[in-house]
Amino acid sequence: MHSSQPSSNDFSLETLSLPGDLPGQVESTLAEWQAAGHVQRLWDGDASLWTGTDEAAWLGWLTIVDEQIADPHHLRTLADDVKSAGMTHALLLGMGGSSLAPEVLNMTFGEVNGWPQLHVLDSTDPAQIRAFAGRVDLAKTLVMVASKSGSTLEPNILKQYFFERVKEAVGADQAGSRFIAITDPGSQLDRLAQQEQFRHIFYGVPSIGGRYSALSNFGMVPAVVMGLDAVRLLERAQAMVRACSAEVAALENPGVRLGVALGKLANHGRDKITLIASPPLWDLGAWLEQLLAESTGKIGKGLIPVDREALGAPDVYGEDRVFVYIRLASAPDAAQDAAVDALEHAGQAVIRIPIADIEALGQEFYRWEVATAVAGAVLGINPFDQPDVEASKVVTRELTSAYEATGALPPETPLLEADGIMLYTDPQNAAALNKAVGDHPSLVDYLRAHLQRVQPGDYVAILAYLHMCSDHEAHLQSIRHLVRNTQHVATCLGFGPRFLHSTGQAYKGGPNSGVFLQITCDEANDVHVPGQQYTFGIVKAAQARGDFEVLADRHRRALRVHLGPDVRQGLAALEAAVRQALGAT
Ligand SMILES: O=P(O)(O)OC[C@H]1O[C@H](O)[C@H](O)[C@@H](O)[C@@H]1O
């Protein structure tokens, strides 16, 4: 790793192109921020800038870059250790804030010659777990277990599974030496890692929540393990820290400008933050989704991020969109440029963020963290809590405990069973759908009735508790685009349980404008969780049911489609049925 002096001007401010009186609205809010000294209040940790609750306790991310740069010893020592250990693979087990920044770094920078190839596993899907286990040579793999709380279900059971597998590969006495923990001091994972003599334990900062932790050890330790120059990323980020500081006027402050624009636009009905990134940065949206949705989606308000929706002609969009184009100057995409220009000319709201090169990723993490905190202030919510995530975890725990006690999940009655596909929903949604279908409803009838509930300004989210792989993704992307193109609404696609730790908060706690299509499946080849009665497949089923129960409890429009064990075939049938339901050709 080498150091270089950060320069204060190696990034650009965003540019806004907004319809109607929105430019004036954004400018006047920025002027208010300036006059009222709100940027100073943010840096002072004045909780009344938000909701006056515990916000001051969650601002450790503001200063983490300087702290890491002042003491990079642990990162340098780790780099030396990894380099000399001769491992070929690294596996990171974690969810949400503990996995998404490493995933983005991995997808953006790719494998670094001479360093372990990183795989980030954030699923309980048995097929996905098997696929990951098959991709690494467990005798030569460093496993990072990342969990701030140290008590999250998924990393805990994934750790149990991989610890057993590593024991088989290298022997019980060596297994601990292949594991690294990243967690807050004193957590259950910290204690376990000490007991089992993990190779390293790196600590998080208690005042930094998961989704704001990219530049703390949660992002930087995996960065080092995959061979990146973490100190350099941090130094580039430092230029952004300076530019976002209290001394910089709101009008010139990149994080504040972006946050005020996003908050203000959402208050004017443009709350679907449609993310467009140059191809090398395609995965950045996965991290942004969590930051934006989990931070702002609560008490019926919030920003709904729309990630990886293909760009369409202007007429497929409603007036609820903001397009944020994160454009890499070193590798721009001509088709994206043209499509975004067309949107701008059609009068859509477009924000352009120019980025010089991929090494600026660290500074972009920081810009967006500030912007999200600022947007939270404009929206009048606490951007540091996630009150609705816990609700589905509680139901999931009840279901897995029931399974441990009885050996089965509680029975359910389908709304419809046809050609190996079953539909489930709660009584309220069932009543609404049954009113809209005929006497002998088919799968297509129910899908049509469900999708006809979509109104302008709503969004449709596909929540797929399936193996996240390119085959499945292709069908699901095709379904979302059928919906977008025929109904002209925003569409989201999340894989469960991963999205529960990301956008799930906003789906349950944000504006009630979501129409949800949950997809589950039977497990063709389940995987047992060591030390438990249950399997990963049972956990995933319980997570889907827990999620659905809470969506229903919050009066969301939701329908669950249960595919058989042949997911590919089931998805093809579902895609055909959606096509028919929407009258699409
Ligand atoms: O890092 P952990 O404590 O394991 O938490 C992982 C994730 O869990 C929860 O779902 C939170 O809503 C997320 O904000 C968090 O990032």
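From a predicted model like this one, the values you see are computed outputs, not experimental measurements. Note that ligands are numbered from 1 as they come in the structure, with each ligand's atoms numbered from 1 the same way.
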Exercise. Can you tell which of Ser213, Gly150, Ser98 gets a heavy atom nearest to atom 1 (O) of ligand 1?
Worked result: Ser98
For this session: From the options Glu294, Lys393, Gln386, select the one whose nearest heavy atom is closest to atom 14 (O) of ligand 1.
Result: Glu294
Exercise. For Lys167, which residues count as a side chain to side chain donor-acceptor pair (under 3.5 Å) partner, sequence neighbours excluded?
Worked result: Glu164
For this session: If the plane angle is over 60° it's perpendicular, under 30° parallel, otherwise tilted; pick one for Trp61 and Phe384.
Result: tilted
Exercise. Once the angle between the rings of Tyr459 and Tyr507 is folded into 0 to 90°, is it parallel (under 30°), tilted (30 to 60°) or perpendicular (over 60°)?
Worked result: tilted
Identify the protein heavy atom lying closest to [atom], giving its residue, its atom name and the separation to 0.1 Å.
{"atom": "atom 6 (C) of ligand 1", "answer": "Met95 O, 3.3 Å"}
{"atom": "atom 8 (O) of ligand 1", "answer": "His501 ND1, 3.2 Å"}
{"atom": "atom 16 (O) of ligand 1", "answer": "Gly97 N, 2.8 Å"}
{"atom": "atom 5 (O) of ligand 1", "answer": "Thr152 OG1, 3.6 Å"}

For this session: Could you tell me whether Asp320 and Arg270 make a salt bridge, using a distance below 4.0 angstrom between a side-chain N and a carboxylate O?
Result: no
Exercise. Could Lys508 and Asp388 be called an ion pair, given the rule that one side-chain N must be under 4.0 Å from one carboxylate O?
Worked result: no
Counting from 1, what ligand 1 atoms have a heavy atom of [X] closer than 4.0 Å?
{"X": "Lys148", "result": "1 (O), 2 (P), 3 (O), 4 (O)"}
{"X": "Val389", "result": "10 (O), 12 (O)"}
{"X": "Ser149", "result": "2 (P), 3 (O), 4 (O)"}
{"X": "Gly96", "result": "16 (O)"}

Problem set entry | Check against side-chain hydrogen bond (donor to acceptor under 3.5 Å, both in side chains), His501 and Gln386 | CA-CA 9 Å; His501 303 269; Gln386 49 284 329; over 6 Å; no
Problem set entry | Whether Gln290 lies under 4.0 Å from ligand 1, heavy atom | yes
Exercise. Looking just at side-chain N and O atoms, do Thr491 and Glu309 make a donor-acceptor pair shorter than 3.5 Å?
Worked result: yes
Exercise. Is the Lys NZ or Arg CZ of Arg556 less than 6.0 Å from the centre of Phe516's six-membered ring, within 45° of the axis?
Worked result: no
